[in-house]
Each structure stands twice: as structure tokens, then as C-alpha cells.
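To start, the structure itself, in C-alpha cells.
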Amino acid sequence: LSPERQADRFELLAAAGEVADGMLLIENTVARLLELVVPAFADVATLDSISPDGELRQVATAPADPGREFAAGAAEVILTGRAQLTPEVIVVPLAIAEKPPIGALSLAMAESGRTFAEGDLALAAELGRRAAIAVENARLYAERSEIATTLQQSLLPPDLPQIPGFRLASLYRAAGEHNEVGGDFYDAFEVPGGWMVVVGDVAGRGAEAAALTSLSRYTFRTAGKLLGDPIAALEQLNAALRERPRLSLVSVCCVMLRAADRDATADLVLAGHPPAYHLRRASSRAVGVFAPFLGAYERGGWEAITIRLEPGDQLVLYTDGVIDTVGQVERFGEERLANTLSDATGAADAVRRIEDALVTFAHGSQVDDTAVIAVERLPSGPAAGGGRARGDGVRVARN
Amino acid sequence: MLDTRRGRDEAVVSVQGDVDLTTFGAVQSALRAACEGVTVLVLDLRHVDFMDTSGLRLVISEQRRAQAGGYRFVVIRGSGKIQRLFEIAGFPDGHPLFGDAPIEPAGG
């Protein structure tokens, strides 16, 4: 090889390395790699790889539509791991170190009339090695982002259920541009004897906070469904948090809603969480008994208070992202929240009022997550009686 | 915004400004640097303007460390807003976590 061509080849390899490092999606990565090879080194280049289900698939060719099949030897090369060389075609395995090949790179000469020589095999092998790294990285990346997306979706607040006799509305805003999921969560689910509605806040951000959010939400849900008692459920979550090697603190405000004929009550428990608001006829009242975070101590002394809910009454649960919202001069605070809520006409209105107030008040970018869930007691009617469960149309609740 | 004074058996870490997600790491480092060989470690919150739950997390974590390390951890109360935060987290005003007088440096 002339020194000039040698230099070209070094450049080619350097460029191929950059592609391998900066890859994102398999097809794009491989297409770029092949563009580097054609027409400098071959007239046609094809990359085949073994898909996760074990099939040999053509990932890319250059030019995009070569009009002919050149990759006939790919399967054999992948099986044997040995390169093939003829004057017209080179096929090299895509292999990283001593691992079994994950595909094959085929290079062919056609219209240019050029031919391959023995000396080209080394370069082709090196290209194959780099293509293998690119493909493997792209695969790992795709796998990782799929895991991340799946996990994020499992953490996003659920669609609110229909609770007989009540109406729910919610607001969820995660701080930060790239964080769909933060440390706040809410949930609403049926339990023996009623429904539980919960809002929680996990200290911190990022992967650790996401893991804790997931643990908290699902532990509380499971314990709530099994035990049907908010304090017992909180104690279970407390125990689970205390088993973690690192201090894991979660604040929670939860209510257990019970509706029987005309009477509806809410048992409300706070754990390290600011009070909820009970709205009745244009007035708002902070409710709850202050108690430690979950995860802090073996015993928290959490206490439930029972609130009688008249038709039109509301309970508004929120996380501290609401009261800690930064304004021009000060934080939003509890008093502003109480005033914002005092004449809310319903659950959806209460949530909308908070959102509007925060948007108007906020100064600079939002730093904390915000979650709000409002529960409105509907006027009693056939649908409100007896705590009838969804999908349980035959049970007669009246006695 | 952070000031550590050491006495013979005690250390006082005073904080000014905000204790939140962005600053609590620095406060924590100061406390951990100060707790070496003391019988009382004091966190002075009198000059804190704002604190969020990160501050509470810090306090609970220091409580734990103090218990394991065999020294006392004391918080000097902050403004009404900060005490409200403590109250919400189950530390009412009379809680043994709080101490009154700041500890002056030895010989001072």
C-alpha cells in the first residue's frame, strides 16, 4: 500500500471508531459506518446481524439499494468465525474479543472493477471489530432506554379511579426537563371497606429517588389492600423503608374514604407531611395530626383523625412542592394555599386553582415536584350508597 | 454561609441562607467534619432563611449518626417557618432535639 492510502485507512478507522463511540440507534450507526467504507474501500457494503430472536437480519447496506445480494457468505462466516476473501468479496465476522460473532460485514467490488487483495483482509477485520462494538453499544443503549422508559411509566401516577360517591381530580408536575418522574407520587385504590387516597413525597431526586418512589407506592398499595387500614399500611411501609441500608425517608398524607348511604367519612393520617385541607362552603381548614416521616423511627405514633364529609365537602392533599414554590419575594406557603382553596367549587376547580395560582406566583424555574389530589364528596344518590365496588353489580349493599 | 466553632467537647455548625436540595450536602459535610471527638454537636438554624425537607432529612440522619457515635445532637431553633417544618415532621417545639443556648468556644 502507498503511504497515502495507508494514511487514508487510518483516517477511515479513526472515523469508524468515532461512530462506534457516538452511536445511538443500530440502523443509523451502521449506515454511517458503511458510508465510510463505500466507495473508499468497496463498492458495496452490507451488514447482517443476529437479532435477539436468533434470526440473521440485514441491518444496512451501502449504497442503500445495491440491487444485488452480496452477503451470501454471512451465515457461514458467523458460524465459523472465520473471514472469507475472494477478489470480489470479503466477509468478516462482527466479533468483540473472543465472543461469538454477532453478525457479519460483507464488502464487495462491482462496477469499479477493483479487486481485493490479501492485505485488505486486516483492514476489513478491523472494520468488522468496530462495527461489532457499534452494534453492541447500540443494542445496550436501546435495551437500557427501554428499561428506563418502562420503569418511568410504572412510576407515573395512575389514571384516577371512579369512586362511588366521590369525585377526584389531580395535578402532577415533575421538576426538571429530563425527569418525567420525580420523588412525588399519588395513588387511589379500593381496599376492604372503602378507598384509599394517598399523596407521598420521597426525599431526593434521580434513580435512587425513583426506586424509593416505586417501593413506597407499591408497598403502600399492597399493604393497604391487604390490611384495609391506613395506619397499619403506613407501619408496613415504615418497616420496609427501615430495612433499606440507607436512610430512606418518605412523607405521606393518606385518607381512607368510607361511604355508607348518606354518611361519608375520611380517616386522615399524616407522616412527616404538611396538613391536608378540608373545604366546606367557602372555608378551608388544615387537618391532620403531625407525626414523623416514614423510615425515620421504628415507631412513629401516627394518628388518624376522622372527618365527616358532607355533600360538596372536599379534601385536598398535596406535596410540599406546592407550598415551597419560589415566588419573587417569598415561598407560596400554607396561608396562600388555604386562601387559594377556600372558595373552590369542586375537585377539578380546586386543582385548577392551585395550578393557576402557582403559575402566576412562581418566579424562575420549578425546583421541586408538585402533586395534588382533591377528593370531593358528591351529593348522596343511588351511586353513592353502600360503598359499592366497581364491577360488583350484584351485591346489595343495603341492609 | 457555614461557620463551625469548636469548644472542648462540643462543636457548633451555624448555617446562613437556605437549607435545601442544593445546599444540604455542604451542611452535612460540615457536620460530619465537626463531630469528631465531641460529646455535643450543635446545628444552629437561627440564621436560616428557608429550609425544605432536605433539612429535615439531614437532621434525622444526624440524629442517627449521633446515636451510633455516642454523642448528643442538638438543634438551635430557627424562625417560625422553620419550626413549622419541624412541627410537621413530628418535632414539636418542646422536643428534646432542640437546645437553647449556643455553646461558646472554649476560653471565649
Side-chain angles (χ1 to χ4, degrees), chain A residues 175-176 182-184 200-206 208-209 212 241-242 246-253 269-276 286 288-303 319-327 329-335 366-369, chain B residues 15-29 31-32 35 41 43 45 47-69 72-75 77-98:
Chain A
D184 284 6
D201 189 351
V202 167
R205 292 203 62 80
E208 174 76 15
L212 200 50
L241 292 171
R242 285 182 58 78
R246 292 183 59 186
L247 178 66
S248 304
L249 301 179
V250 176
S251 84
V252 154
C253 172
V269 190
L270 300 177
H273 206 88
V289 179
F290 298 137
F293 286 95
L294 301 176
Y297 311 108
E298 197 180 340
R299 293 185 196 290
W302 301 287
E303 257 180 71
T319 55
D320 59 8
V322 174
I323 50 180
D324 288 351
T325 293
V326 181
V329 182
E330 54 177 358
R331 308 279 171 157
F332 193 70
E334 289 177 70
E335 202 181 319
Q366 186 195 359
V367 290
D368 200 2
D369 302 328
Chain B
V15 191
Q16 282 185 23
D18 292 358
V19 183
D20 58 20
L21 206 54
T22 59
T23 60
F24 100 107
V27 182
Q28 189 165 52
S29 304
L31 287 167
R32 299 210 167 158
C35 72
L41 176 64
L43 176 63
L45 298 178
H47 306 293
V48 171
D49 301 319
F50 171 77
M51 190 169 111
D52 67 6
T53 51
S54 318
L56 292 172
R57 181 160 50 130
L58 175 72
V59 164
I60 292 165
S61 141
E62 289 309 312
Q63 255 188 332
R64 266 197 188 182
R65 280 176 62 88
Q67 203 170 20
R72 266 188 76 208
F73 176 63
V74 174
V75 170
R77 293 179 185 80
S79 69
K81 279 179 188 165
I82 285 156
Q83 288 313 107
R84 172 67 172 171
L85 194 73
F86 275 105
E87 188 190 2
I88 286 171
F91 299 102
D93 232 29
H95 193 280
L97 173 72
F98 300 113

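Chain identifiers are assigned alphabetically (A, B, ...) following the order of the sequence lines, protein sequences preceding nucleic acid strands; residue numbering begins at 1 within each chain.
Aromatic pair F98(B)/F86(B): centroids less than 6.0 angstrom apart.
Residue L270(A) does not touch chain B at all, counting heavy-atom pairs closer than 4.5 Å. Contact annotation for A291(A): only backbone heavy atoms (N, CA, C, O) come within less than 4.5 Å of a heavy atom of chain B. Interface remark: F50(B) contributes side-chain atoms only to the contact with chain A (heavy atom separation under 4.5 Å).
Using a 4.0 Å cut-off between a side-chain N of Lys or Arg and a carboxylate O of Asp or Glu, D49(B) and R331(A) do not qualify as a salt bridge.
A side-chain N or O of D184(A) and one of T319(A) form a donor-acceptor pair less than 3.5 Å apart. In summary, the side chains of R246(A) and S61(B) do not present any donor paired with an acceptor at a separation below 3.5 Å, with no hydrogens or angles considered.
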